[in-house]
**Student:** 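Below is a structure I'd like to ask you about.
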Amino acid sequence: MEHPTRVDFLSGMNPEQQNAVAHVDGPLLILAGAGSGKTRVITHRICHLITAHQVPGPAVLAVTFTNKAAGEMRERVQKLLGGFESYHHAPVLATFHSFCVRLLRRDGDRLAPLRPNFTRNFTIYDADDQLGIVKQAFRHLNLDEKFMQYRAVLSKISHAKNNGESPTDWLKTADPKAKTLAAIYERYERSLIESNAADFDDLLLLAVRLLAHDDQTRERYNRQFQYLMIDEYQDTNRTQYDLIRLLTRTHSNLAVVGDEDQSIYGWRGADIRNILDFEKDYPRARVIRLEQNYRSTRNILAAASAVVAKNLQRKGKTLWTSAAEGAKISLFEAATGEQEAMYIAQSIEREFDRDSKAKIAVLYRTNSQSRQVEEALRRYGRKYKVVGGTSFYQRAEIKDALCYLKLITSPDDSMALLRIINQPARGIGKTTLEQVEAVALEQGVSLWTALEQMCAERKFGARADAAVGAFLSLINEMRAQTELPLDGMLQNILERTGYYRMLKESNSPDSEGRLANLEELVNAAADAVERGENITEFLDHAALVAQTDELDSASAITLMTMHNAKGLEFPVVYVAGMEEGLFPHSRSRESEENLEEERRLCYVAMTRAEQRLHLSYARFRRRFGGGAPEMTIPSRFLTEVPAELLERARPGTFLDTPVSQVNLDAEQVLVRESVKKTTYTGKTYNSVENISQYFAERGMPVKPAAPSVQPASRPSPPSGPVPIRAAPVAPPPPVAPPLPGQARLGFPATPPVARPVAARAPVKKGFRNGGKVVHPKYGRGTIMRVEGDGEDAKLTISFATAGLKKLVAKYAGIESD
DNA sequence: TTCCCTGTGCTTTTT
DNA sequence: GCACAGGGAA
């Protein structure tokens, strides 16, 4: 096998990149602006160390935040080196969490003196488990959520843990809630210990504790990892910082890569000072700035830079590009959230007209914003992929199955036990569990131990005793069946616990989907067996996969939060919901620090775009499903973009195809009604086909209507056909006052809100929406959409047999039916 | 004990 | 719109 020479890893790079790649010993800070080739520098440096400096692969440790990033790097390094065989071993590429889990699974026994009850087969508690513990603690302390939100408590606890504060430290504060909070915190920690479990913070904290107190282990790790690289250093927290210090105790071959402008995880404890103070922490550090951007057009870069320049907490850098100026940044003002979503869907159609292979991302601040965009995209029959929401491993049936596995490997895992003890129902109810919890709490033991003990001592009534006894022996028997491979074990569990039967006998509409998901899980287990993983590794994997890790890059349209978009890039990007209170989020307006983080988030979102960037906001938005739409104020970030870079997208220009009006709300009501009656299962509509079919049957165009803001103006159509003629259009809502300084900064006279398009939407002759046609091959169909006119018209037609097709009239030989 | 219904109260972002 | 807690009925 031929190996690339040292020159290969430096060639094709700019001088700064070369310096970074060629740097060998001593601390190095790489300030890498968005799109400056950061990943390339990291991977090339790893290869350079291995080939040019004969560093053994396993002596190099590169740490990232997501599995996806780690996987990508692994792939790229492998490719660059032409396989690892020739160098005996691959470098170690891990996330902080996976690295620490491996460390604890391997050397965790040495933690025994430092953490009671700890063994190497501890389980990992995810966010749901954490929430469960807090709820339990609330119950024991007779509190309800009025005292404080569970999540708020959790975030306080997490913060405390990462900063070395104990419950007793909290007692010293003046906070009137301190005493109760400290009790919850204490109870929380005790639960984890009793369950032999570690939450996400613990994974890092326990690893740090082990390395800090066990010299032998630390020295071994120090000897192994001669070179350390940390990606996204701006997002490290205090514990991660400590971990890095411990790993570089005997040498300072530490290279960190980061961009303070992209620090967006402060709320999760990331400490931006880690990167701002790197040069203080490592006085001999070399600093290299990567300021040439290879991703975006000049306009996009200028806009993003202008926004982030308003921040005070930054080192400051000037990104530049040799790329062309590119298109202006489009800005659309919608009347309502619905209209914004329809605009995005329509505009995406135009992007596909321009390039049928376009890769497009729609970014938003909160997950709940995805729903409207999804609905709009379905109306156009577009497939899309949503990152986030409930991932596979968060589904109830998957969690149940995994909890059985967890309980089998680690009986003390009380949250797992609690989850499945009565799932399927086996007669162990609330009262019984309350008794068990009381005993466990009193004796400081796990629920499993308490159950066994109480059963042996005949503490239950006859009925509960039988139920508990059966459950205990069921779990014990399954535990004894160690000869089964993982997938067989899962099957066995699902059979013997009656889980399959429960789903099969249920007549709930989604039990079929659940069964399919479980099948998928069994397949995943079989794959894991093939990879040589054991149960614990399989469970670790399930606990540590992030939602972005499942990102499918093949999908043409991707919807996700701006946070999830970090590290990704797309030719076309939409940023939706640019409104005060939503983005920047109302919760971040309390402090200047939080506001700066929101601004960095804006910077991250904008710099994802390579070619075109579309911003939008709605003048009115519903905050909750039922409530009335509330008036909004455009995001301050919009006023921070230089006016000359912006271009208003107006309803008149984006609705460039004839539209026959149908009242959007009326359609939605009808669809909901009809879908509910038949096979409604999903969150919104169940499928594209369903929607197109529905409209096709009624000869309706899949087209947006002018927004109807006043609920009173909605026709109420419980049955009968919806009129194709223009629906009455509500008067535009009152216009919010412009922000001070808006006109100056690119908000000239606000264009009329929701100018009704109905008035000037004559249906062109020839082909029209809803018309029936015949195609020589596909047969009869209904026109869903017309672009252009006459024989040049591009038609989107729904065929009864062939589904949706986009055809040009004169080529396809389409005739009116 | 289980199940279903209703009312309530809220939604940031996630390894 | 949704999840969740709490109540009431079988």
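What you see is a predicted model, and the numbers here were worked out from it, not measured in a lab. Lettering of chains follows the sequences in order, A, B, ..., and the numbering in each one begins at 1.
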**Student:** Which is true for S368(A) with a 4.0 Å heavy-atom rule: it touches a base, it touches only sugar-phosphate, or it touches nothing?
**Tutor:** base
**Student:** By nearest atom, which of the nucleotides dT15(B), dT11(B), dT14(B) is closest to the T66(A) side chain?
**Tutor:**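 Among dT15(B), dT11(B), dT14(B), the one nearest the side chain of T66(A) is dT15(B).
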**Student:** Taking NZ, NE, NH1 and NH2 as the nitrogens, is one of them in R419(A) or D128(A) under 4.0 Å from a carboxylate oxygen of the other?
**Tutor:**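 Here R419(A) does not pair with D128(A) in a salt bridge, since their nearest N and O are not under 4.0 Å apart.
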**Student:** Starting at atom CZ of R623(A), determine the distance to atom P of dC10(B), rounded to an integer number of angstrom.
**Tutor:**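 For the pair R623(A) CZ and dC10(B) P, the rounded distance is 10 Å.
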**Student:** Can you identify which nucleotide, out of dT15(B), dT11(B), dT14(B), has its nearest atom closest to the F200(A) side chain?
**Tutor:**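 Closest of the options to the side chain of F200(A): dT15(B).
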**Student:** Quick one: the side chain of H585(A) and the base of dT12(B), do they pair up donor-acceptor inside 3.5 Å?
**Tutor:**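 No.
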**Student:** Counting side-chain heavy atoms from CB outward, which of dG1(C), dT12(B), dT14(B) is closest to N564(A)?
**Tutor:**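 Closest of the options to the side chain of N564(A): dT14(B).
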**Student:** For the pair made of NE2 in H563(A) and C1' in dT14(B), what is the distance, rounded to whole Å?
**Tutor:**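 Atom NE2 in H563(A) sits about 8 Å away from atom C1' in dT14(B).
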**Student:** Round to the nearest Å and state the distance from L601(A) atom CG to dT14(B) atom C1'.
**Tutor:** 13 Å
**Student:** Once hydrogens and angles are ignored, does a donor-acceptor distance under 3.5 Å link the base of dT12(B) to the side chain of W267(A)?
**Tutor:** no
**Student:** Got a list of protein N/O to nucleotides 5-10 of chain C N/O distances below 3.5 Å?
**Tutor:**
unit_1 : atom_1 : unit_2  : atom_2 : d
dA5(C) : OP1    : K135(A) : NZ     : 3.3

**Student:** What is the distance from NE2 of H541(A) to P of dT15(B), rounded to the nearest Å?
**Tutor:** 13 Å
**Student:** Evaluate Q339(A) against T336(A) for side-chain contact (heavy atoms from CB on, under 4.5 Å), listing each step before the verdict.
**Tutor:** CA-CA 5 Å; Q339(A) 202 203 33; T336(A) 64; 3.7 Å; yes
**Student:** Is the number of heavy atoms from other residues, nucleotides or ligands within 6.0 Å of CZ (R273(A)) greater than 12?
**Tutor:**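 Count not over threshold, so no.
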**Student:** Which of the following nucleotides, dT15(B), dC10(B), dT13(B), is nearest to the side chain of Q149(A)?
**Tutor:**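 Nearest listed nucleotide: dC10(B).
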**Student:** With distance as the sole test, does S191(A) use its side chain to make a donor-acceptor pair with the main-chain N or O of R187(A) at under 3.5 Å?
**Tutor:**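 Yes, because the side chain of S191(A) sits within donor-acceptor range (under 3.5 Å) of the backbone of R187(A).
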**Student:** Contact class for F624(A) vs. all strands (heavy atom < 4.0 Å): base, sugar-phosphate, or nothing?
**Tutor:**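 Contact class for F624(A): base.
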**Student:** So with a 6.0 Å cut-off around CZ of R245(A), is the heavy-atom count from everything else above 12?
**Tutor:**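 Yes, the 6.0 Å shell around CZ holds more than 12 heavy atoms from other groups.
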**Student:** With sugar-phosphate meaning primed atoms plus P, OP1 and OP2, does T432(A) contact a base, only sugar-phosphate, or nothing at under 4.0 Å between heavy atoms?
**Tutor:** sugar-phosphate
**Student:** Could you work out the separation of dT13(B) and dC4(C) based on their P atoms and round it to a whole Å?
**Tutor:** 15 Å
**Student:** Among side-chain atoms of Y188(A) and D199(A), is any donor-acceptor pair under 3.5 angstrom?
**Tutor:**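 Judged by distance alone, the side chains do pair up.
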**Student:** Without swapping roles, check the side chain of T632(A) against the backbone of R619(A) for a donor-acceptor pair under 3.5 Å.
**Tutor:** yes
**Student:** Within a radius of less than 6.0 Å around CZ of R105(A), do more than 12 heavy atoms belonging to other residues, nucleotides or ligands occur?
**Tutor:**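 Enclosed: over 12 neighbouring heavy atoms sit under 6.0 Å from CZ of R105(A).
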**Student:** Which of the following nucleotides, dT13(B), dC10(B), dG1(C), is nearest to the side chain of R365(A)?
**Tutor:** dT13(B)
**Student:** With a non-hydrogen cut-off below 4.0 angstrom, is E597(A) in contact with a base, only sugar-phosphate, or nothing?
**Tutor:** nothing
**Student:** Are any of the side-chain nitrogens in R268(A) or D235(A) under 4.0 Å away from the carboxylate oxygens of its partner?
**Tutor:** no
**Student:** Could you check Q130(A) against R463(A) and say which one's nearest nucleotide on DNA chain B is further toward the 5' end?
**Tutor:** R463(A)
**Student:** Side-chain N or O of N367(A) versus OP1/OP2 of dT11(B): is the shortest distance under 4.0 Å?
**Tutor:** no
**Student:** Could you tell me the separation between the CZ atom of R600(A) and the P atom of dT12(B), rounded to a whole number of Å?
**Tutor:**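 Between P of dT12(B) and CZ of R600(A): 20 Å.
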**Student:** Rounded to whole angstrom units, what separation is found between the CD atom of E598(A) and the P atom of dT12(B)?
**Tutor:** 12 Å
**Student:** When you measure from the side-chain N and O atoms of N594(A) to the phosphate of dT12(B), is any distance below 4.0 Å, counting only OP1 and OP2?
**Tutor:**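 Answer is no, no contact under 4.0 Å.
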**Student:** Can you tell me if CZ on R314(A) sees more than 12 non-hydrogen neighbours from other groups inside 6.0 Å?
**Tutor:**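 More than 12 within 6.0 Å, yes.
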**Student:** Could you tell me how far apart M562(A) (CE) and dT14(B) (P) are, to the nearest whole angstrom?
**Tutor:**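 Interatomic distance, CE of M562(A) to P of dT14(B): 12 Å.
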**Student:** What is the distance, rounded to the nearest whole Å, between atom CG of D128(A) and atom P of dC4(C)?
**Tutor:** 9 Å
**Student:** So which protein nitrogen or oxygen atoms get under 3.5 Å of nucleotides 2-4 of chain B's nitrogens or oxygens?
**Tutor:**
unit_1 : atom_1 : unit_2  : atom_2 : d
dT2(B) : OP1    : N422(A) : ND2    : 3.4
dT2(B) : OP1    : G427(A) : N      : 2.9
dT2(B) : OP2    : N422(A) : ND2    : 2.8

**Student:** Between E580(A) and R589(A), does the salt bridge (charged side-chain N to carboxylate O under 4.0 Å, His left out) criterion hold? Intermediate values first, please.
**Tutor:** CA-CA 9 Å; E580(A) 287 290 304; R589(A) 280 189 298 192; 3.6 Å; yes
**Student:** Does dT12(B) have OP1 or OP2 sitting under 4.0 Å from an N or O in the side chain of S586(A)?
**Tutor:**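 The answer is no; no side-chain N or O of S586(A) sits under 4.0 Å from OP1 or OP2.
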**Student:** Stacking between Y265(A) and dT13(B), defined as ring centres under 5.5 angstrom apart with planes under 30°, is that present or not?
**Tutor:**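 It does not: the two rings, one from Y265(A) and one from dT13(B), miss the stacking criterion.
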